**Q** 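Quick one: this structure, given as structure tokens, is what I'll be asking you about.
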Amino acid sequence: MDINEGDTISAVMAAAQQVIVVKDSTKFGRKGCNVMLPVEEIDIAIADRDAPNKAIE
């Protein structure tokens, strides 16, 4: 993803009434250079059953 795409995604999420994140267990605990939004702004998170319990809470 390039910087402009990240800015667009962030703007769409900021305008949304509800933010739903879907990610598989391999993405938990990873760090990247782009922050789309603070985790506190996620309304619903959907993950596979291998996701760590601590991350889901």
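All values below come from the heavy atoms of this structure, side chains included, with hydrogens, waters and symmetry mates left out. Here the structure is a predicted model, which means the values were calculated and not measured. Numbers for residues simply follow the sequence, beginning at 1.
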**Q** Spell out, yes or no, whether Val22 and Val19 are grouped together once hydrophobic residues are joined by side-chain heavy atoms under 4.5 Å, including indirect joins.
**A**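 No, because Val22 and Val19 fall into different hydrophobic clusters, even though each may have its own neighbours under 4.5 Å.
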**Q** Connecting only ILVMFWY residues whose side-chain heavy atoms lie within less than 4.5 Å of each other, what is the rest of Val12's hydrophobic cluster?
**A**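 Answer for Val12: none, a lone residue.
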**Q** At their closest point, which heavy atom of Ser25 faces which heavy atom of Asp48, and how far apart are they?
**A**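 That would be N-OD2, 2.9 Å.
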**Q** Can you list every salt bridge (charged side-chain N to carboxylate O under 4.0 Å, His left out) pair that touches residues 13-25, not counting sequence neighbours?
**A**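 Residue pairs passing salt bridge (charged side-chain N to carboxylate O under 4.0 Å, His left out), neighbours aside: Asp24-Lys27.
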**Q** How would you list, by chain and number, every residue that makes a side chain to side chain contact (heavy atoms under 4.5 Å, CB included) with Gln17, sequence neighbours excluded?
**A**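 In terms of side chain to side chain contact (heavy atoms under 4.5 Å, CB included), with neighbours along the sequence ignored, Gln17 is linked to no residue.
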